[in-house]
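Read through the structure below, which is laid out as structure tokens, and then see the notes.
Just so we're on the same page: letters track the sequence lines, and every chain starts at 1.
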2 protein chains.
Amino acid sequence: MFTLSEENYLKAIYHLEIDTDKGISTNAIAKKLITKASSVTDMIKKLSEKEVVVYKKYQGVKLTNFGKKIAANIVRKHRLWEVFLVEKLNFSWDEVHDVAEQLEHIKSPKLIDQIDTFLGFPTHDPHGDPIPDKEGNINTIEKSLLSTLLKNESGICVGVNDSSSEFLKFLDKKGIKLGKQITVLEKEDFDDSLTIRIDDIKLSISNKIANNLYIKKS
Amino acid sequence: MFTLSEENYLKAIYHLEIDTDKGISTNAIAKKLITKASSVTDMIKKLSEKEVVVYKKYQGVKLTNFGKKIAANIVRKHRLWEVFLVEKLNFSWDEVHDVAEQLEHIKSPKLIDQIDTFLGFPTHDPHGDPIPDKEGNINTIEKSLLSTLLKNESGICVGVNDSSSEFLKFLDKKGIKLGKQITVLEKEDFDDSLTIRIDDIKLSISNKIANNLYIKKS
DNA sequence: ATATATTTTTAGGTTAGTCTAAAAATTTTA
DNA sequence: TAAAATTTTTAGACTAACCTAAAAATATAT
Ligand SMILES: [Mn+2]
Ligand SMILES: [Mn+2]
Ligand SMILES: [Mn+2]
Ligand SMILES: [Mn+2]
């Protein structure tokens, strides 16, 4: 069994491994968990003892298959709880993350199974992120950052890169939701801002926004 | 804000105060929490600093009004989660307690409000225990242990005194559920066992059972 | 290639929450 | 009411999870 802190380290490493095949550096983990590198070294040694990570001094860490499974299960719980909060308890998508950070640590296999059933086996969370199955497998779909689309390309909005409350509220205000069709009408070389069409409305958005929205091209 | 451990101490004291007006002894708390008296003394000092209990050496502790409110809120969360698990997630009444012990510590006022609404503002948990309102008030009803009923008295089964999984499963097997009408047909002086009628079935139950079932006389 | 900068680890400390053993206070018994 | 038993507190230690500061290793720049 893993402590709350150990679970958070595993999850952090799991998320960091999505972008790379190399070992995850002490500093990267420290940054993600808002802690100190020395604390990370301590914890990594413990996780290594428990055989959830492989660690060689100065080389960074990698999750073992066992570690990946543990981590994926925490992510699974996190995302299922987020769906539950939005679908059943009237939370908005910018309110669920912090509560899910707590709920993901509840230990009860039956509970999460029943939540999954109750929700009708959802495949994605409210932010468009895929929900791992019980074995830890995830179904990744082909998606591109809106900022990489060319003029006249279009697709469906399927996810966010930044799921901070501020960004999500901003999207709400602009009427940008998952599932909406978006077409790039103009790209400004000057500041990389875009003019897009969504719901037959023209919208001008900055590069920062376009860099945090995922589109499934169509 | 209170730690998980502090919350468990507050809840333990809260439950122990139901049976008495006197200060709650160090040993009683240690027994309830399955810990050592010395640990209790340590924690009590901390809780006293935080003004949730009043403590004088060797005199036991009492919750302050503030402490009572905190404790009642944890009990509220515990019982609402138990209702949720039974009503919405197909848990049986003997499976919910341990999960609720974890869920009661989740910090999100909105979450518990929404669960309350989602459940239709239940007043009692699956074991017949009253759910405190947001201010910490509970609605106590007049109830008697089945063992105290006289021959030919009857009433509705409204609660259990022992909510261990073993006892609850035993009740399931015998067909004894909350809400059922129970009539005492016989009382044996010899071993204080009872013959009762429930659903037009005659049942013989030991004093130990009768001592753990609450009846609202009618 | 050597000096400089950065990253990582080690060493030593802190706090929360627990424990055992012993001392002190209170309660019970005779 | 004095001795015995019990309860409670204190003293000192331990572990998990952090921290700061310094040392060691690695990476970068000239
Ligand atoms: Mn989240
Ligand atoms: Mn999410
Ligand atoms: Mn319970
Ligand atoms: Mn209950």
Side-chain angles (χ1 to χ4, degrees), chain A residues 1-14 16-17 19-63 67 70-71 74 101-102 104-105 107, chain B residues 1-14 16-17 19-63 67 70-71 74 101-102 104-105 107:
Chain A
M1 214 32 62
F2 295 89
T3 66
L4 186 141
S5 199
E6 287 169 345
E7 289 191 346
N8 282 334
Y9 274 88
L10 288 174
K11 189 166 54 110
I13 299 165
Y14 179 86
L16 290 166
E17 278 190 349
D19 302 319
T20 177
D21 286 330
K22 290 195 224 128
I24 305 302
S25 75
T26 304
N27 260 3
I29 298 168
K31 191 180 173 192
K32 176 144 272 201
L33 293 176
I34 313 173
T35 182
K36 304 292 155 160
S38 53
S39 306
V40 174
T41 304
D42 278 359
M43 180 59 92
I44 276 170
K45 287 176 180 167
K46 220 180 348 149
L47 293 175
S48 179
E49 292 276 301
K50 290 195 169 189
E51 314 215 314
V52 283
V53 301
V54 174
Y55 166 63
K56 278 199 203 114
K57 274 189 194 178
Y58 297 98
Q59 307 286 122
V61 282
K62 283 186 182 186
L63 291 174
I70 304 287
I74 301 163
E101 285 288 304
Q102 300 178 61
E104 71 190 4
H105 301 290
K107 276 147 183 96
Chain B
M1 214 33 62
F2 295 88
T3 66
L4 186 142
S5 199
E6 287 168 344
E7 289 191 346
N8 282 335
Y9 273 86
L10 288 173
K11 190 166 55 110
I13 299 166
Y14 179 86
L16 290 165
E17 278 189 350
D19 301 318
T20 176
D21 286 330
K22 290 194 224 129
I24 305 303
S25 77
T26 304
N27 260 3
I29 297 168
K31 192 179 172 191
K32 177 145 272 199
L33 293 176
I34 313 175
T35 182
K36 302 292 155 159
S38 53
S39 306
V40 174
T41 303
D42 278 0
M43 179 59 91
I44 276 170
K45 286 176 182 167
K46 218 179 352 147
L47 293 176
S48 178
E49 292 276 300
K50 289 196 169 189
E51 313 217 311
V52 281
V53 300
V54 174
Y55 167 63
K56 278 200 204 114
K57 274 190 191 175
Y58 297 97
Q59 307 287 120
V61 282
K62 284 187 182 185
L63 292 174
I70 305 288
I74 302 162
E101 285 288 305
Q102 299 178 62
E104 71 189 5
H105 301 289
K107 275 145 185 100

query = What is the per-nucleotide protein-contact pattern of nucleotides 11-16 of chain D, from the 5' end, where B denotes a base atom under 4.0 Å from a protein heavy atom, S denotes such proximity for sugar-phosphate atoms only, and - denotes neither?
reply = -----S
inquiry  = So, applying side chain to side chain contact (heavy atoms under 4.5 Å, CB included) with A:Met1, which one of A:Lys50, A:Lys107, A:Glu6 is it?
reply    =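 Of the listed options, the one satisfying the test is A:Lys107.
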Could you tell me how far apart [X] ([atom1]) and [N] ([atom2]) are, to the nearest whole angstrom?
X	N	atom1	atom2	value
B:Met1	C:dA16	CE	P	17 Å
B:Lys56	C:dT26	NZ	C1'	16 Å
A:Ile29	C:dT7	CD1	C1'	13 Å
A:Ile44	C:dT7	CD1	P	15 Å
B:Lys57	C:dA23	NZ	P	17 Å
A:Gln59	C:dT8	CD	P	11 Å
B:Tyr58	C:dA23	OH	P	13 Å
A:Ile34	D:dC19	CD1	P	11 Å

request  = Keeping the roles fixed (side chain from A:Lys45, backbone from A:Tyr55), state whether a donor-acceptor pair exists under 3.5 Å.
outcome  =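 No, the answer is negative, given that no donor and acceptor are paired below the 3.5 Å cut-off.
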It should be established whether [X] places a side-chain nitrogen or oxygen under 4.0 Å from OP1 or OP2 of nucleotide [N].
X	N	result
B:Thr41	D:dT9	yes
B:Lys45	D:dT10	yes
A:Asn27	C:dT6	no
A:Lys36	D:dC18	no
A:Tyr9	D:dC18	yes

When you compare the side chain of [Y] with that of [X], does any pair of heavy atoms fall below 4.5 Å?
X	Y	answer
B:Val61	B:Tyr9	no
A:Glu7	A:Leu4	no
B:Asn8	B:Glu104	yes

ask   = With sugar-phosphate meaning primed atoms plus P, OP1 and OP2, does A:Thr26 contact a base, only sugar-phosphate, or nothing at under 4.0 Å between heavy atoms?
value =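 Sugar-phosphate, backbone atoms only, no base.
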message = Apply side-chain contact (heavy atoms from CB on, under 4.5 Å) to residues A:Ile74 and A:Phe2 and explain how you reach the verdict.
response = CA-CA 11 Å; A:Ile74 301 163; A:Phe2 295 89; over 6 Å; no
message = Among C:dT18, D:dC19, C:dT8, which nucleotide has an atom closest to any side-chain atom of A:Ser39?
response =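 Shortest atom-to-atom distance from the side chain points to D:dC19.
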ask   = Which atom names give the shortest non-hydrogen contact between A:Glu17 and A:Leu63, and what distance separates them?
value =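 It is OE2-N, 2.8 Å.
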